[in-house]
Engineer: 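Supplied in structure tokens, the structure appears directly below.
All of these numbers come straight from a predicted model, not from anything done at the bench. We're numbering straight along the sequence, starting at 1. Computed over heavy atoms, backbone and side chain alike; hydrogens, waters and symmetry mates excluded.
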Amino acid sequence: MALGFLQTLRTTALAGFVGLCAMHAAPAPEAPKSVAAPTDTATEAAVALSHRANHLFAALSKGDPEAVRAAQLEVEGLRRTYSTLDVTPLVEAAAFWAREQGMVGRPTLGLEALQAVDRWAPDHPSLLGSRIVLMRQEGLRGWLWSFPDLLRLTRLRLEQPAHRWLWLLQHLGMLRLSATMLLWGWALTMGLRYRHVLRHIWEEPFEHKGISPALAALVGAAILTGPVLLGLDPLVAALLWLILLAPFLLPSEVRITAFIMLFQLVHPLLAVMEPLAGREPEPSIQTLQLQPRVHPVPAAALRNLPPTDQSFLKGWEQLQNQQWKDAEETFQNLVGRHPNQAEVLNNLGVARYQLGDAAGAERTFQEAQRAGSRMEVLLNQSILAFNRLDTTLGASKQDEAQAADPEAYARLIALNDARKDVRTYPTPLPDTAARVEALAEATEGRKVERLPLSEPPFLVALLLPLLGISAFLVRVRRSLRMAHPGQCIRCGEPYHTTDSPDPEVCSKCHHLFVLRDGLHTESRRKKLDEVAAHQRDTRWIHKTLIVLLPGCDLAFLGETREALMEFLPFCLAVGMVLATSRSVRYPGEILPDPASTWLALGAVLVGLLYLRSWLKLFLRRA
């Protein structure tokens, strides 16, 4: 509903706070002799809160604990004056100011600012995220001490339906990058391992037809790079390489290749989550009442609500603007007509108490309790009991209110610091399915996100791995009819049959190095040169894979199981770094969350895996 308007308003209020903070060091201008009183109490409250934020930040900059305490008491006094004033904009402004202090090298001052406003919103995401950022700037110890706040922030994200899918999509994005890197790395490694096979696949048919080797090489390059040149996903090229090499792969390589192709299904699964992450939160009656607003909610946004609900919201606005007489009349007219009688009677009692009719308020609160016990009703009864110096009844009612709703109780009782200038508390109109639906229908242009199950990109991402693995397995099955297809580990020559007892060695190398017969001296010399060149290229490729792709060097030598156990964690670590390196700003909030801890863990894991891989070079040399 009006959530976009509310977010814009909060952003504007925060900008005003920051502007006031920037002027805290400048000399204060001379106050005018007469100032016109604002006509709107909500506007007056917003201006007053801006000045309190300015005083608080100035006191923090001076490092004066007494001034900080005085500024906090000013805010508490303001909250008591306006009863249910929400100081979320002040907390967000403090978080913004604290992050600015961290950027100029004063994270300790920023943490002090967050500590000063923690009492008003201890679990606010902007406050938790800013504290994590500032603590991390203090070094390794700060990273360790920030974990409790990180866990609290994560819990808040997962409990909030509007944020849960975005959090999951960001952190599960590492699987998408890991799957892509795993496929590309594996295809590149198999292509390098069976590089002579790739040439043999198309050069042999062309050679029989008398086509020149240069033209055959050009055709081969077009085949390998064709999917990319056609604008298709590079994943298609990787799948094509593996399908072409299928007849020559070892059984263990076939199994791992099939697993990697199935792993690509993570792409369509995450694509299903993307609309859920961008879904707008449902409109809320309580949000309209409890979030701070300078301007009233447009009447068009409430046009589908029942007339009694519209009257209730009108009375709520009158209570917030301290129009007690008008509020009493509004809620009196709703007695017996509105379905939420406990809320109506409680708010009627609040208006009567503010008008000085304590006896009438007490009778109304008793009627509200009989209509349906609410935390606010019990708290208001405790306040009246304390005013009559009936501490026993007051304490009893207060305990009942706390037991009824501990979180809401703590939020309301914080309005009354040291229990001075106590005011009673109204009850907002609760959300129901019918009210939420009415607000949603009144919201023009509201987008309804649908799952992309029938969209072409999703179908391609889903069908491509399935078609790839199907073609791969069909080609493997057909290759079983061929006589021992493989590539010689000595010379790299592809073959389809061999009389060598070693299935990885071709007949020529078997006769040359084992039987030492059957080859002319000139042919023997030529074959030895081919073997030497192949082994030299193999050593350089192996060293390059050790340096660049830990684990792929083992796959290049045919140690497939050990290769997967090393290359898969490397891909996951790189996915952690790339997927979580950018912070995310959640809908409805001013400041982005801190970078995920997975970024640091992934970076450490990448460093350890590279170090482990590079040690192979020194151990081989030793």
Side-chain angles (χ1 to χ4, degrees), residues 140 143 171-198 224 234-235 237-239 241-242 245 248-264 266 487 489-490 492 504 532-581 595-622:
L140 180 60
W143 273 86
H171 288 79
L172 293 180
M174 66 180 70
L175 296 180
R176 172 179 291 175
L177 294 174
S178 300
T180 301
M181 186 174 180
L182 187 64
L183 177 63
W184 291 356
W186 187 258
L188 176 63
T189 303
M190 293 296 101
L192 293 174
R193 172 174 166 82
Y194 296 99
R195 55 192 183 277
H196 296 290
V197 170
L198 286 175
L224 295 179
L235 177 142
L239 293 176
W241 288 22
L242 295 173
L245 293 174
F248 297 87
L249 298 181
L250 300 175
S252 59
E253 293 172 343
V254 171
R255 289 192 293 269
I256 292 179
T257 302
F259 163 74
I260 292 175
M261 288 183 176
L262 283 177
F263 195 26
Q264 305 309 307
V266 71
Q487 177 180 274
I489 61 173
R490 289 183 176 271
E504 296 184 354
H534 176 72
Q535 296 298 328
R536 183 175 59 252
D537 294 342
T538 299
R539 284 193 296 270
W540 277 106
I541 294 174
H542 182 238
K543 291 180 180 179
T544 302
L545 291 176
I546 288 177
V547 173
L548 298 180
L549 294 175
C552 288
D553 58 300
L554 299 176
F556 181 73
L557 298 180
E559 302 175 10
T560 52
R561 182 177 179 277
E562 295 79 2
L564 184 64
M565 297 301 294
E566 184 174 347
F567 188 50
L568 182 58
F570 175 76
C571 293
L572 290 174
V574 174
M576 291 179 192
V577 174
L578 297 180
T580 60
S581 58
S596 175
T597 307
W598 288 107
L599 171 63
L601 296 178
V604 172
L605 186 57
V606 168
L608 292 177
L609 290 174
Y610 266 122
L611 180 61
R612 181 180 183 274
S613 182
W614 294 343
L615 287 176
K616 300 174 186 177
L617 296 174
F618 299 100
L619 294 177
R620 289 171 62 88
R621 180 173 298 179

Engineer: Specify the closest pair of heavy atoms between L242 and A187, including all atoms of both residues, with the distance to one decimal.
Structural biologist: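 In terms of heavy atoms, the two residues are closest at CD2-CA, 3.9 Å.
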Engineer: Apply salt bridge (charged side-chain N to carboxylate O under 4.0 Å, His left out) to R612 and list each qualifying residue two or more places apart in sequence or on a separate chain.
Structural biologist: E566
Engineer: F570 pairs by side-chain contact (heavy atoms from CB on, under 4.5 Å) with which of C552, S613, P550?
Structural biologist: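 The option that passes is P550.
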Engineer: Rounded to the nearest 0.5 Å, what's the gap from CD1 on I256 to CG on L564? Could you check?
Structural biologist: 5.0 Å
Engineer: Would you give the length of the straight line joining atom CG of L572 to atom CZ of F567, rounded to the nearest 0.5 angstrom?
Structural biologist: 10.5 Å
Engineer: Of all heavy-atom pairs between V577 and G602, which one has the smallest distance, and what is that distance?
Structural biologist: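 Scanning both residues completely, I find the closest heavy atoms to be CG2-C, 3.5 Å.
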Engineer: Would you mind reporting whether L183 and L239 have side-chain heavy atoms less than 4.5 Å apart?
Structural biologist: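 With C-beta onward as the side chain, the pair touches.
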Engineer: Would you call L250 and T560 a side-chain contact if the rule is heavy atoms closer than 4.5 Å?
Structural biologist: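 Not in contact.
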Engineer: May I ask you to decide if C571's main-chain N or O and S178's side chain share a donor-acceptor pair within less than 3.5 Å?
Structural biologist: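 Flag set: sc S178 to bb C571 pair under 3.5 Å.
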Engineer: Of all residues at least two apart in sequence or in a different chain, which pass the side chain to side chain donor-acceptor pair (under 3.5 Å) check with T180?
Structural biologist: H267
Engineer: Taking the side chain as C-beta and beyond, is there a heavy-atom pair between M181 and L549 under 4.5 Å?
Structural biologist: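 Sidechains of L549 and M181: in contact.
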Engineer: Do you know the tightest heavy-atom contact between L177 and A579?
Structural biologist: CD1-N, 3.6 Å
Engineer: To the closest 0.5 Å, what do you measure between CZ (F263) and CG (L175)?
Structural biologist: 5.5 Å
Engineer: CG/L617 to NE2/H542 distance, rounded to the nearest 0.5 angstrom?
Structural biologist: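 So the CG of L617 and the NE2 of H542 are separated by 8.5 Å.
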Engineer: Within the distance-only criterion (no hydrogens, no angle test), does the side chain of R195 pair as donor or acceptor with the backbone N or O of L192 below 3.5 angstrom?
Structural biologist: yes
Engineer: Locate the shortest heavy-atom distance separating S581 from L578; write the atom from each residue and the value.
Structural biologist: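 Taking every non-hydrogen atom into account, OG-O, 3.3 Å.
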Engineer: Please determine whether side chain to side chain donor-acceptor pair (under 3.5 Å) holds for the pair T580 and S596, giving the CA-CA distance in whole Å, both sets of side-chain angles, and the decisive distance to 0.1 Å.
Structural biologist: CA-CA 6 Å; T580 60; S596 175; 4.8 Å; no
Engineer: Can you measure from OG1 (T544) to CH2 (W540) and round to the nearest 0.5 angstrom?
Structural biologist: 7.5 Å
Engineer: Only counting residues at least two apart or in another chain, list the ones meeting side chain to side chain donor-acceptor pair (under 3.5 Å) with H196.
Structural biologist: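 Scan of H196 (side chain to side chain donor-acceptor pair (under 3.5 Å), adjacent residues dropped) gives H534.
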Engineer: Side chains of E253 and L245, heavy atoms from C-beta outward: is any pair under 4.5 Å?
Structural biologist: no
Engineer: Side-chain contact test, heavy atoms from C-beta onward, threshold under 4.5 Å: evaluate it for W184 versus L188 and give yes or no.
Structural biologist: no
Engineer: Looking at every non-hydrogen atom in both residues, tell me the closest pair between V574 and V606 and how far apart they are.
Structural biologist: N-CG2, 3.8 Å
Engineer: Could you tell me whether the side chain of P569 reaches within less than 4.5 Å of the side chain of L609, counting heavy atoms only?
Structural biologist: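 In short, these two side chains touch, coming nearer than 4.5 Å.
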Engineer: Report the distance from atom CH2 of W186 to atom CD1 of I260, rounding to the nearest 0.5 Å.
Structural biologist: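 Spacing of CH2 (W186) from CD1 (I260) equals 5.5 Å.
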Engineer: Hey, can you tell me if Y610 and W614 have their rings parallel, tilted or perpendicular (30° and 60° cut-offs)?
Structural biologist: tilted
Engineer: Please check if the side chain of D537 supplies one atom and the backbone of Q535 the other of a donor-acceptor pair under 3.5 Å.
Structural biologist: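 Not confirmed, D537 side chain does not pair with Q535 backbone.
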